[in-house]
Amino acid sequence: MSESTQPSCKTIKTTCAYCGVGCGINATVNTDTREVTVKGNEDHPANFGRLCSKGSSLGETVGLSTRLLDPQINGRQASWDEALDEVAHKFKTIIDKHGPEAVAIYGSGQLLTEDYYVANKLMKGFIGSGNIDTNSRLCMSSAVSGHKRAFGSDTVPNSYEDLEQADLIIITGSNMAWCHPVTFQRIRAARERNPNMKIVVIDPRRTDTCDIADLHLPLASGTDVLLFNGLLKFLVDGQYIDQNYVESYTQGFEEAVAAAQDDCPYLGTIANRCELNEKDLLTFYNWFAETEKTVTAYSQGVNQSSTGTDKVNAILNCHLVTGKIGKIGSGPLSMTGQPNAMGGREVGGLATTLAAHMDFHIEGDADRVARFWKTDRMSKGVGLPAVDLFNAVYDGKVKAVWVIATNPAVSLPNANKVKEALKRCEFLVVSDCVTNTDTLDLAHVKLPAAGWSEKDGMVTNTERCISHQRALFPLAGNSKPDWWIISEVAKRLGFEDAFNYSHQVEIFREHAALSGFENSSDQRLRDFDISLLADISEEQYNNFEPTQWPITKEYPKGKARFFAEGEFYTPNRKANLVALKYKAPANQPSKEFPLVLNTGRLRDQWHTMTRTALAPRLNLHRPEPFVDIHPDDGHKFKLTDGDIAKLSSQWGDMFARVNFTASQAVGDVFVPMHWTQQFANHGRMGTLVNPIVDPFSGQPESKHTPITIAPFGADWHGFVLSRHSLPLSGLDYQVTVNCEGYKRYELAHTETIDNWQQWSEDWIGKQYDAINWQHFDDSHQGIFRAAGYLDGQLQFVVCIARSPESALLPERAFLSSLFAKAELTDIERLALLSGLPTAGTEDVGTQICACFNVGEKTIRKAIKDNNLSTYQQVGQCCKAGTNCGSCVPEIKGILASVIATAPA
Ligand SMILES: Nc1nc2c(c(=O)[nH]1)N[C@H]1C(S)=C(S)[C@@H](COP(=O)(O)OP(=O)(O)OC[C@H]3O[C@@H](n4cnc5c(=O)[nH]c(N)nc54)[C@H](O)[C@@H]3O)O[C@H]1N2
Ligand SMILES: Nc1nc2c(c(=O)[nH]1)N[C@H]1C(S)=C(S)[C@@H](COP(=O)(O)OP(=O)(O)OC[C@H]3O[C@@H](n4cnc5c(=O)[nH]c(N)nc54)[C@H](O)[C@@H]3O)O[C@H]1N2
Ligand code: SF4
Ligand SMILES: [Mo]
């Protein structure tokens, strides 16, 4: 698996830390210097050598400066023994007094399979409570519920390859260009090879994913069930049904069709209610009906909804009645989010499931798992799903929580209440890799976990492909793998025999053995079976090559597809067609909260930014929390593009920079999910989000919250660039951006500051010794600029103005170039204060390409100077868009605007 090149340098095959695409990486590692350079692994079936901007930047995130390196108890450093004893003691005391339901674990799809397996085993098998849930509740649980309702099992029937083989791809509720960029690039390439391929994107926003779409359906938020019920009716009316498949392999056809007919009597009604153009709707329906090879890829626009499970089943119904499932180029494909979201489902990490795809509600399953684990303490039933779990913490019913590899103070809905619950919690343990997160900051015990590049174990991606994520470095500081930490606590709780693991391979073998345990047609047949790996040797484990499950004697090399010939996992092995009735999102806009808030992801950030924010080039594309809003709404709510707004819902509020864009439908706004207290003092979007959940999956409705918006009303705006970190300023708006060699602070405040020089000295100057000040104060215009030097080298810059307009606040990109210099010339110092770039200093503009750090102005200039007309030419000229390709849609937008404004 690993070839050595130089003594301290070796290349190790591993997988990416981020999304569920699950890309393979060749990491060239220098263990002496803790440096790593990453390249896509050309042999890995997920990416065949490609990586996106986040994956390519992994090398910039492995530094130790923000790492949690020692256990802590109540803020003081502790030994592992002390910390583990403390956790076990507190958990035991609470369990003894209040029962096992008074404690909980809240885990994550970013754990490795082995970590996840022992966490689930400890809580459900030995503590004896179902109270282990995970952030997958916020992510994949509607897909899980939908799969189980239709197939009787949580099976993803198809593979990535089918996207390349399809003639029609429907991408719904997924901004794949940004969130699964490598899969998106594979589709783009396949489409270039296959001129017959059609792509439909279904999303209320016009996202970058629409760049490859033949048809974009900007449906009204939450109306997916109507859209797909309408399709089902269309398929029946037009006799596009695969009669043989329906009769042989499904049940519930009549009821499902009757319900769809009830919901969607006329095409015009559907178009109206979904707010779609009738002609476009008909085109979509015709394409689906007439194209044999059709894949529907879906993600959070489907799952994160109060009708998420129904949305999933509405899609599955259409694939099932046409037999478009489990075939080459044909099937539904739920795109998983986190690197091991799928592994979490295998081990039963959700409070409502059991290990190895078994279920509490299926007779015999809990008993089977208990016999396999040799425990008589098995949980009697399901535990609390995430939203209910933190409500129970708030109410004091759950008294001890162990949060592992997730940041609920940010990512759960009604995040202020969650934060309050964590504060009230009698005993909060948090295992994380970094020193500060909004959740970790509230912990009684902090446990330092091994992070990507040190941890070692298995992950499973969207297409059920199990890969080995390998350690590149020795454990950092005193950090330990999560499986070790959990097992040590388990032993201290008295479960030595069941958790006596010395290497993660032992856990993996047990997991593999359980998957095959009593898994046959005369007992209870389960889809998830990797029993061939039950005796895997350490060497085989270390050399394990990516393989799609099941991995059995029958399928030693795995299996790409399920269900082409039925064989579902229901009692009679037929799939259920589910009768569905459209329900509108639970909370509708009102006079007080007239807009719908949609939340989601950005191209270059990962969730709560604990890692991506460490890579300067990933922070430049969108440096601040923002709100996308249609210009008509912007004007209606008296906002100014580029200014700051206050967003409020019934649950909380936040501040965000206003971005007018026609990609947003009137009435809807979009806010990225990423900013936390660590980076924006008032930028946690989770505070706004309604805690409404899907009745089947318990997944929160993160894409639909009624809100209102108003100007923030700043007295002044400004920014500071500083080599040293600055403490919180006490200002209303403060956003921190990690840049190359310095930090950038975006600021705004509602009150006037009388003496800027004094204010700067108090806040910034105190962080520096013997600083040489230079400043410029034009109180008439409301402009203040200052700079600090040490031995001629620029240390910080302060720029303040009355409004956020760029005419008054100089270009950040130009000033940043001055931080790279050892000493500034007099001309540069003058330019700095006047805010005008010096000759020869290129103002590159807003970053477009993160891989090569190419700015918008550079691209515009290249297009104009060289008369470029395609994105490929732009790439040849300035490299932009030639690595991961995620910025290609933006480059095409710039091309269009330059060409449109060019003189004829
Ligand atoms: N860059 C980046 N990539 C990531 C992540 C990241 O943090 N950053 N996270 C990973 C994780 S864990 C996940 S779960 C995935 C998520 O991947 P995606 O699901 O693709 O990402 P989101 O941005 O959450 O939402 C997808 C789209 O759903 C749309 N949508 C909203 N409401 C509706 C609706 O009612 N119907 C339909 N059809 N669409 C709607 C939104 O406008 C949005 O464009 O991304 C993974 N990849
Ligand atoms: N409004 C809204 N809310 C959402 C979403 C949305 O679209 N809109 N999306 C939801 C979805 S799909 C998801 S997946 C969640 C994600 O939300 P979270 O899971 O809360 O976000 P992360 O930043 O990924 O948190 C992971 C934490 O684990 C730490 N960590 C990383 N690796 C390890 C490890 O190996 N061990 C340990 N112990 N710690 C580790 C990281 O430092 C980080 O602090 O957010 C959900 N919340
Ligand atoms: S698409 Fe990007 S983030 Fe996702 S696994 Fe591949 S390289 Fe990592
Ligand atoms: Mo997710």
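Only a predicted model underlies this, so the values are computations on that prediction, with no experimental measurement involved. Counting convention: from 1, in listed order, for ligands and their atoms alike.
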Starting from [atom], what is the nearest protein heavy atom, named by residue and atom, and what distance separates them?
atom	answer
atom 6 (C) of ligand 2	Gln304 NE2, 3.4 Å
atom 4 (Fe) of ligand 3	Cys19 SG, 2.3 Å
atom 6 (Fe) of ligand 3	Cys23 SG, 2.3 Å
atom 8 (Fe) of ligand 3	Cys16 SG, 2.3 Å
atom 42 (O) of ligand 2	Asp432 OD1, 2.6 Å
atom 2 (C) of ligand 2	Thr599 OG1, 3.4 Å
atom 30 (N) of ligand 2	Cys433 SG, 3.9 Å
atom 7 (S) of ligand 3	Cys52 N, 3.5 Å
atom 35 (O) of ligand 2	Lys455 NZ, 2.6 Å
atom 12 (S) of ligand 2	Arg601 NH2, 3.0 Å
atom 4 (C) of ligand 2	Ser411 O, 3.6 Å
atom 23 (O) of ligand 2	Thr608 OG1, 2.6 Å

For [X], take its heavy atoms, then give the atoms of ligand 3 lying under 4.0 Å from any of them.
X	answer
Val182	1 (S), 6 (Fe)
Tyr18	3 (S)
Gly22	5 (S)
Pro181	1 (S)

With backbone taken as N, CA, C and O and side chain as the heavy atoms from C-beta onward, which portion of [X] lies under 4.0 Å from ligand 2: side chain, backbone, both, or neither?
X	result
Val689	side chain
Ala449	side chain
Thr610	side chain
Leu112	neither
Ser108	neither
Asn407	both

*Would you call the rings of Phe670 and Phe626 parallel, tilted or perpendicular, where under 30° means parallel and over 60° means perpendicular?*
tilted
*Parallel, tilted or perpendicular: ring planes of Trp606 versus Tyr18, cut at 30 and 60 degrees*: tilted
*Would you tell me which option among Gly686, Ala405, Pro672 has the nearest heavy-atom contact to atom 39 (N) of ligand 2?*
Ala405
_Nearest neighbour of atom 18 (P) of ligand 2 from the list Leu688, Thr406, Asn690, on a heavy-atom basis_ = Thr406
Numbering the atoms of ligand 2 from 1, which are under 4.0 Å from a heavy atom of [X]?
X	result
Leu138	10 (C), 11 (C), 12 (S), 46 (C), 47 (N)
Cys139	12 (S), 14 (S)
Thr437	44 (O)
Gln338	14 (S)
Ser431	37 (C), 38 (N), 39 (N)

*Tyr394 ring centre to Lys417 NZ or CZ under 6.0 Å, with the angle to the axis within 45°?*
yes
For the backbone of [Y] and the side chain of [X], can you confirm whether one donor and one acceptor N or O come within less than 3.5 Å of each other?
X	Y	result
Ser479	Leu475	no
Gln300	Gly173	no
Thr612	Gln605	no

Tell me whether [X] is salt-bridged to [Y], with the criterion being a basic N under 4.0 Å from an acidic carboxylate O.
X	Y	value
Lys455	Asp115	no
Glu890	Arg603	yes
Glu60	Arg611	no

*With Val410, which of Thr687, Asp438, Thr439 fulfils side chain to side chain contact (heavy atoms under 4.5 Å, CB included)?*
Asp438
*Pick out which of Asn461, Leu111, Thr460 makes a side chain to side chain contact (heavy atoms under 4.5 Å, CB included) with Asn340.*
Thr460
_For the residue pair Asn690 / Glu701, report whether a side-chain donor-acceptor contact shorter than 3.5 Å exists._
no
*Looking only at side chains, do Thr28 and Thr11 share a donor and an acceptor under 3.5 Å apart?*
yes
When rounded to the nearest 0.5 angstrom, what is the spacing between [atom1] in [X] and [atom2] in [Y]?
X	Y	atom1	atom2	result
Met123	Tyr106	CE	OH	14.5 Å
Leu350	Ser145	CG	OG	8.5 Å
Asp456	Glu454	CG	CD	11.0 Å
Leu163	Ile171	CG	CD1	8.0 Å
His44	Leu51	NE2	CG	11.0 Å
Ser334	Met140	OG	CE	3.5 Å

*asked:* Less than 4.0 Å is my threshold; does some heavy atom of Asn47 fall inside it relative to ligand 3?
replied: no
*Under a heavy-atom criterion of less than 4.0 Å, does Lys54 contact ligand 3?*
yes
*Under 4.0 angstrom from ligand 2, any heavy atom of Trp606?*
yes
*ligand 2 contact by Ala450, heavy-atom criterion under 4.0 angstrom*: yes
*With a cut-off of 2.8 Å, does His180 place any N/O/S atom under that distance from atom 2 (Fe) of ligand 3?*
no
*asked:* Is there a polar contact, in the sense of an N or O pair closer than 3.5 Å, between Gln300 and ligand 2?
replied: no
*asked:* I'd like to check whether Lys703 has a polar contact with ligand 2, where a contact means an N/O of the residue lying under 3.5 Å from an N/O of the ligand.
replied: yes
*Report the C-alpha separation of Trp178 and His621 in whole Å, then their side-chain angles, then the decisive distance to 0.1 Å, and conclude whether the ring pair (Phe, Tyr, Trp, His ring centres under 6.0 Å) test is met.*
CA-CA 12 Å; Trp178 282 9; His621 185 239; 5.7 Å; yes
